[in-house]
Protein chains: 2
Amino acid sequence: MKAEKISELTTNRLSIYLRCLLELRSEGQSTVSSAALAKRFHLNSAQIRKDLAYFGEFGIRGVGYYVDTLIDNLRTILGLDHDHNVCIIGSGRLGTALADYNGFRKSNFSVKALFDADAKKIGKKVGGAEIFDIKNFQSVVKRNNIDIAVIAVPADSAERVLELVAKAGIKAVMNFAPVPLKASDHLKVRTVDLTTCLESLSFFLAGTESINGSGLKPKRNTRRKR
Amino acid sequence: MKAEKISELTTNRLSIYLRCLLELRSEGQSTVSSAALAKRFHLNSAQIRKDLAYFGEFGIRGVGYYVDTLIDNLRTILGLDHDHNVCIIGSGRLGTALADYNGFRKSNFSVKALFDADAKKIGKKVGGAEIFDIKNFQSVVKRNNIDIAVIAVPADSAERVLELVAKAGIKAVMNFAPVPLKASDHLKVRTVDLTTCLESLSFFLAGTESINGSGLKPKRNTRRKR
DNA sequence: TGATGTGAAGCGGTTCACAGCC
DNA sequence: GGCTGTGAACCGCTTCACATCA
């Protein structure tokens, strides 16, 4: 049986839809049409309908969607109808910040453990979770029913850590190390690459400078033919 | 003059290529072919060539690319041939973690200031940068030549902060608030949405459970026709 | 009437495959 | 011979437009 052939883009949008619907519900709305949802949150109505229709017929023609039931359905689809236990590998600046970060603690995700190789850190607590020795990775993962791993180690350790994660049977990984880890079919990796993100912004800035400045393209030796 | 019609996907890849080339250089390689680069880092050779060719003819047929000169060219293209000054708005857990985070301090990006509305925080130092009152945003930005803003405030303040950022003339924004901020032509926003990322992983996990478990799809009321 | 669900068209990005050049 | 640069084919996602149904 194929895992799923629903693109990451779609699942990301489902998450956004859920968030939007929660906002609407908090405002007391009980139904919403795809058009209204789209206008309110700068989305595309056809895309909303298509994304949702992939999982069932949740809407009512002439009416729209019931906010409450659509929220329930999205939560089920996204696997948010049960809790997820998260571990963070690497308790440097980023790792501890993430452990402490509210976004991870809210909703259905709770950080159950951190890991490090540095003996001085082991045993300390960060945001309610203990730092364990990476040597005990597998047993701590099993004991705490951890199903999501966050990789927050330096680039050169990331590959090795991923193997460890895979061996422990974890199937979902959020990777903050600036390396393109290759996922297998049974292990999904989402890489959040802050450096790439910044450099991409820098590229954009380099382009705007030429607009505000001389009108020349930024200096690039870019004669098409030499 | 059009800003650029180069996709975000392309610029992200340019950043990756640069990183890969730096690694090759540190290993003493002086030339590399697109095929070798692709194989080594799990990329696609045609895509590498196409991405690079967009900016000039950097390669030599029969040889490949000179690592050194390609690095220089990529740095120029990405606007990394000069420094960028970054500010972080919101000095909560995430904001301070980012200020402290090495990834932001390395290379050409340096965090020059943080901002907050909480009087108790103002004046404190985080990772070498001071926390300023958000009221003085514009003047601090000007004084420090800040050209990139990181938004690390709660969702409900993000929109308001973005206006402030735009008004101060900043054109590049990295957004960690879970809201789809809409960028204008002159202001580029990159949103890093950790919640969406996690929920997308959760979706994937919900799908794999059916494989390991009963063979049934995860419980969704997904009869196509009712 | 009003909004969904969906085939079809459109579009952008990726990959192929090869002519052209070193 | 080897590898780049690039038109063309391909593929997948997005958007359109409308038949369908409450």
Side-chain angles (χ1 to χ4, degrees), chain A residues 2 4-14 16-17 21 24 29-67 69-70 73-74 77 180 200 220-226, chain B residues 2-17 21 24 29-67 69-70 73-74 77 180 200 220-226:
Chain A
K2 290 282 297 290
E4 278 298 348
K5 52 188 216 319
I6 292 171
S7 85
E8 178 174 337
L9 296 162
T10 304
T11 63
N12 285 346
R13 283 195 300 268
L14 293 178
I16 304 279
Y17 301 156
L21 288 163
L24 288 182
Q29 293 234 13
S30 65
T31 67
V32 68
S33 71
S34 61
L37 196 60
K39 176 171 276 185
R40 169 76 186 272
F41 297 100
H42 318 113
L43 306 168
N44 178 293
S45 63
Q47 188 155 66
I48 294 172
R49 293 199 298 279
K50 199 147 244 191
D51 286 340
L52 296 176
Y54 202 96
F55 297 96
E57 298 200 347
F58 301 129
I60 295 150
R61 288 157 205 250
V63 178
Y65 301 87
Y66 285 110
V67 174
T69 57
L70 189 51
N73 281 317
L74 281 175
I77 292 167
S200 172
R220 294 171 192 161
N221 51 350
T222 176
R223 271 164 298 169
R224 304 290 302 172
K225 303 288 167 198
R226 59 188 153 168
Chain B
K2 290 283 297 291
E4 280 298 347
K5 51 186 220 318
I6 292 172
S7 86
E8 178 175 337
L9 296 162
T10 304
T11 63
N12 284 347
R13 282 194 300 267
L14 293 178
S15 167
I16 303 279
Y17 299 158
L21 288 163
L24 289 182
Q29 293 234 13
S30 64
T31 67
V32 67
S33 70
S34 61
L37 195 59
K39 176 170 276 185
R40 169 75 184 272
F41 296 101
H42 316 115
L43 307 168
N44 178 295
S45 64
Q47 189 155 65
I48 294 171
R49 293 199 298 278
K50 200 148 241 186
D51 286 340
L52 296 177
Y54 203 95
F55 297 96
E57 299 199 348
F58 302 128
I60 294 151
R61 288 157 205 248
V63 177
Y65 301 86
Y66 285 110
V67 174
T69 58
L70 189 51
N73 281 315
L74 281 174
I77 292 167
S200 172
R220 294 171 192 159
N221 51 351
T222 175
R223 272 163 298 168
R224 303 290 303 174
K225 303 290 170 198
R226 62 188 151 164

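Quick caveat, the model's predicted, so the values are computed rather than measured. Letters A, B, ... mirror the listed sequences (proteins, then strands); counts begin at 1.
Spacing between atom CZ of Arg13(A) and atom C1' of dG12(D) amounts to 12 Å, rounded to whole angstrom units. Rounded to whole angstrom, the span from the CG atom of Asn12(A) across to the P atom of dG12(D) amounts to 19 Å. Computed from coordinates, the Leu43(B) CG to dT14(C) P distance equals 12 Å when rounded to whole Å. Put simply, OH on Tyr66(B) is 13 Å from C1' on dC3(D), counting in whole angstrom units. Atom P of nucleotide dG13(C) and atom CD1 of Ile48(B) are separated by 18 Å, given to the nearest angstrom. Atom OH of Tyr54(B) and atom C1' of dG13(C) are 13 Å apart (whole Å). Regarding Asp51(B), its CG atom lies at a distance of 11 Å from the P atom of dG13(C), rounded to whole Å. In this structure, CG of Leu52(A) is placed 8 Å from P of dG5(C), rounded to the nearest angstrom.
The side chain of Ser34(B) contributes an N or O atom lying less than 4.0 Å from OP1 or OP2 of dT4(D). At dC22(C), none of the side-chain N or O atoms of Tyr65(B) fall inside 4.0 Å of OP1 or OP2 (strictly under the cut-off).
Between Thr10(A) and Ser33(B), the residue anchored nearer the 5' end of DNA chain D, judged by the nucleotide with its closest heavy atom, is Ser33(B).
Relative to the side chain of Glu57(B), the nucleotides dG13(C), dG5(D), dC13(D) differ in distance, and dG5(D) lies closest.
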**Item:** Worked check of side chain to side chain donor-acceptor pair (under 3.5 Å) between Ser200(A) and Thr11(B)
**Value:** CA-CA 5 Å; Ser200(A) 172; Thr11(B) 63; 2.9 Å; yes

**Request:** Using a 4.0 Å cut-off on protein heavy atoms (strictly under), produce a 5'-to-3' string for nucleotides 15-22 of chain D with B for base contact, S for backbone-only sugar-phosphate contact, and - for none.
**Result:** BBB--BBB

